[in-house]
Amino acid sequence: QVQLVESGGGSVQAGGSLRLSCAVSGVTSRSICMGWFRQILGKERERVATFDSSGRTSYTDSVKGRFTISKDNGKNTLYLQMNSLKPEDTALYYCAAAWNCYYSDNAFPFWGQGTQVTVSS
């Protein structure tokens, strides 16, 4: 059974940094696509960044240059380093996994419980 557990959310002032972690169990992280998604209250869930099994990364435009996705296969853990945070980054952040990154967002089969990130101005 694949399980994803996020940690690292919290409250920070604009311009600050946070690092999210996602511990994976039940599957080897190097063999799957893993990603970070976020959902702002009242809006649709948004794909923030992905890391595929070949090591390729992808980011949504609004976080390019500020967020970095990485993976430690030895620890079976995915990270999202978030720098220069803005109030509009405030959201519930989810870790998700799929067999490849071509799945549509809602088709990712495995999801964590989410961790809240709040950025104040």
Revision key, fill the gap. Taking every heavy atom of Leu92 against every heavy atom of Gly114, the minimum-distance pair comes out as CD1-C, 3.9 Å
Point to revise | Side chains of Gln81 and Ser70 in contact at under 4.5 Å (non-hydrogen atoms) | key: no
Exercise for review: Determine the sole option in Leu80, Thr115, Leu4, Val5 for which the side chain to side chain contact (heavy atoms under 4.5 Å, CB included) test with Cys22 is passed.
Suggested key: Leu4
Point to revise | Interatomic distance, Asn100 atom CG to Ser31 atom OG [nearest 0.5 angstrom] | key: 11.5 Å
Review point. Just wondering, do Leu20 and Trp36 contact through their side chains at under 4.5 Å, heavy atoms?
Key: yes
Practice item. May I ask you to check if Arg45 and Trp111 form a cation-pi contact, with NZ or CZ under 6.0 angstrom from the six-membered ring centre and within 45° of the axis? Key: yes
Check your understanding: Can you list the steps and then say if Val63 with Arg38 is a side chain to side chain contact (heavy atoms under 4.5 Å, CB included)?
Key -> CA-CA 12 Å; Val63 307; Arg38 65 187 180 187; 4.0 Å; yes
Review point. Any side-chain heavy atom of Phe110 sitting closer than 4.5 Å to one from Trp99?
Key: yes
Check your understanding: Does the cation-pi check pass for Arg19 over Tyr79, that is, NZ or CZ under 6.0 Å from the six-membered ring centre and within 45° of its axis?
Key -> yes
Check your understanding: Judged by modelled atom types alone, do Asn83 and Ser17 share a side-chain donor-acceptor pair under 3.5 Å?
Key -> yes
**Study point:** Tyr94 side, atom OH; Phe37 side, atom CZ - distance, nearest 0.5 Å
**Key:** 12.0 Å
Point to revise | Side-chain heavy atoms of Glu6 within contact of Gln113, under 4.5 Å | key: yes
Review point. Looking only at heavy atoms, what is the nearest atom pair of Lys43 and Gln39, with distance?
Key: O-NE2, 3.1 Å
Review item, side-chain donor-acceptor pairs of residues 7-16, under 3.5 Å, at least two apart:
none

Practice item. Could I get the full list of salt bridge (charged side-chain N to carboxylate O under 4.0 Å, His left out) partners for Asp105, not counting sequence neighbours? Key: Arg47
Check your understanding: With side chains defined as the heavy atoms from C-beta onward, is the minimum distance between Cys33 and Tyr102 less than 4.5 Å?
Key -> no
**Study point:** Non-hydrogen atoms of Gln116 and Thr90 that approach each other most closely
**Key:** NE2-CG2, 4.0 Å
**Study point:** side chain to side chain contact (heavy atoms under 4.5 Å, CB included) assessment of Thr50 paired with Met34
**Key:** CA-CA 6 Å; Thr50 55; Met34 296 190 68; over 6 Å; no
Review point. Listed by chain and number, what are the side-chain contact (heavy atoms from CB on, under 4.5 Å) partners of Thr57, not counting sequence neighbours?
Key: Phe51, Tyr59, Ile69
Review point. Do the side chain of Asn73 and the main chain of Asn76 share a donor and acceptor less than 3.5 angstrom apart?
Key: no
Review point. Taking 4.0 angstrom as the limit, do Lys86 and Asp89 come out as a salt bridge?
Key: no
Point to revise | Minimal non-hydrogen separation, Ala91 against Ile40, with atom names | key: CB-CG1, 3.8 Å
Review point. Quick one: NZ on Lys64 to OG on Ser58, what's the gap to the nearest 0.5 Å?
Key: 7.0 Å
